[in-house]
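Naming convention: chains lettered A, B, ... in sequence-line order (proteins, then strands); numbering from 1 in each chain.
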There are 2 protein chains.
Amino acid sequence: MNEALEHKLKIRQVRPTAMRLLVLEALEKQASAVSLQDLESAFEKADRITLYRTLKTFQEKGLVHRIEDGTGATKYALCEVGCECAPEDLHVHFHCNNCQQTFCLPKIGIPAFQLPNNFSLQEINLMAKGICAACR
Amino acid sequence: MNEALEHKLKIRQVRPTAMRLLVLEALEKQASAVSLQDLESAFEKADRITLYRTLKTFQEKGLVHRIEDGTGATKYALCEVGCECAPEDLHVHFHCNNCQQTFCLPKIGIPAFQLPNNFSLQEINLMAKGICAACR
DNA sequence: ATAAGAATGCAATACCATTGCAGTCCTGCT
DNA sequence: AGCAGGACTGCAATGGTATTGCATTCTTAT
Ligand SMILES: [Mn+2]
Ligand SMILES: [Mn+2]
Ligand SMILES: [Zn+2]
Ligand SMILES: [Zn+2]
């Protein structure tokens, strides 16, 4: 089917099955991060567990990153090209308390700060909440 | 019983029941944030739901803040004196991937950053993960 | 002492995440 | 092409946490 989509999976060592191509396509259309439920209702046809495992695979292979926005359900968004999900690749996330959407803000890196002595950093997550531009 | 504990509840408009005094006392003893499960096993006697509602009340009245450390269970820690849980009162949290404890770092405020135009900020949460000083 | 309101204990429910297993699809090899 | 092994999928089942309903008990003010 779509050569570009297939390529994106292959370079991340993910075998391009029909389901995965559909999920990747769906993720590319999103302006905000999606939950498993969002995906499930996007394709009436697909099985919830398969979607779950697809997202898990995508995450393990570095295609998407997971976002815990405090709403109870994990959300996912495509990584930027070249992202390795290392602390220096990470960006701020914003959850709108009105429309409940969660956005990646890839332009806004996480500002540096000093940890106490002998603490070593492996991951970092900065979640901001408030009202998004479309909602005010 | 303990006048000081009672006072801490009263100034936050929380009626000082036996259970609440015990929970507050237990929270003060903690070096790291506690989950509902942690509390539950701390007092063999107490009912899980009562503990749940106690923590919820404490949070609503500004005695504790909740911490989503991504482990699935919400954790709670006492607020600093004078804390109003406003964005400027907030601090960084650190979760140790080895001992699984989650620490408040009240000395480390959340660094400022610029949101996109017309986004307004209401809450903010910076969660760092790695290895704590005791574990290395 | 009494009545109203608050807090508690137990049961039930609602979600979301995760795993087990059997059937199906794919891929590489002969 | 035929076959074997591994990967992927679909459905059922399970585990864990959060949340609510309701009846009972406790606390406080009149
Ligand atoms: Mn993101
Ligand atoms: Mn804290
Ligand atoms: Zn919004
Ligand atoms: Zn540790």
For this session: Among Leu121(B), Leu115(B), Asn117(B), find the residue that satisfies the side chain to side chain contact (heavy atoms under 4.5 Å, CB included) test when tested with Phe119(B).
Result: Leu115(B)
Seminar exercise, completed: Sorted by number, residues from residues 36-53 of chain B placing a heavy atom under 4.0 Å from DNA chain C are Asp47(B), Ile49(B), Thr50(B), Arg53(B)
Exercise. In the 5'-to-3' direction, what one-character label does each nucleotide of nucleotides 23-30 of chain D receive under the scheme B = base within less than 4.0 Å of a protein heavy atom, S = sugar-phosphate only, - = no such atom?
Worked result: ----SS--
Problem set entry | Glu68(A) with Arg66(A): basic N within carboxylate O range, under 4.0 Å | yes
Problem set entry | Leu24(A) vs Leu78(A) side-chain heavy atoms within contact, under 4.5 Å | yes
Exercise. Using a heavy-atom cut-off of 4.0 Å to chain B, what are the terminal contacting nucleotides of DNA chain C, in 5' to 3' order?
Worked result: dA6(C) to dA11(C)
For this session: With side-chain hydrogen bond (donor to acceptor under 3.5 Å, both in side chains) as the test, would you mind laying out the steps for His93(A) and His95(A) before giving the verdict?
Result: CA-CA 7 Å; His93(A) 289 123; His95(A) 176 73; over 6 Å; no
Exercise. Among the clusters formed by ILVMFWY side chains lying less than 4.5 Å apart, do Leu90(B) and Phe103(B) turn up in the same one?
Worked result: yes
Exercise. When you measure from the side chain of Thr50(A) to the backbone N and O of Ala46(A), does any donor-acceptor pair fall under 3.5 Å?
Worked result: no
Exercise. Does CD in Gln114(A) sit with more than 12 non-hydrogen atoms of other residues, nucleotides or ligands closer than 6.0 Å?
Worked result: no
Seminar exercise, completed: Taking for Val14(A) and for Lys75(B) the nucleotide of DNA chain D with the nearest heavy atom, the one nearer the 5' end belongs to Val14(A)
For this session: Taking the side chain as every heavy atom from C-beta outward, state whether Lys8(B) and Val14(B) have any pair of such atoms under 4.5 Å apart.
Result: no
Problem set entry | Polar side-chain atom of His65(B) near backbone of Tyr76(B) as donor-acceptor pair, under 3.5 Å | no
Exercise. Using a cut-off of 4.0 Å on non-hydrogen atoms, how would the nucleic acid contact of Thr74(B) be classed: base, sugar-phosphate, or nothing?
Worked result: sugar-phosphate
Exercise. Among the clusters formed by ILVMFWY side chains lying less than 4.5 Å apart, do Ile49(A) and Phe58(A) turn up in the same one?
Worked result: no
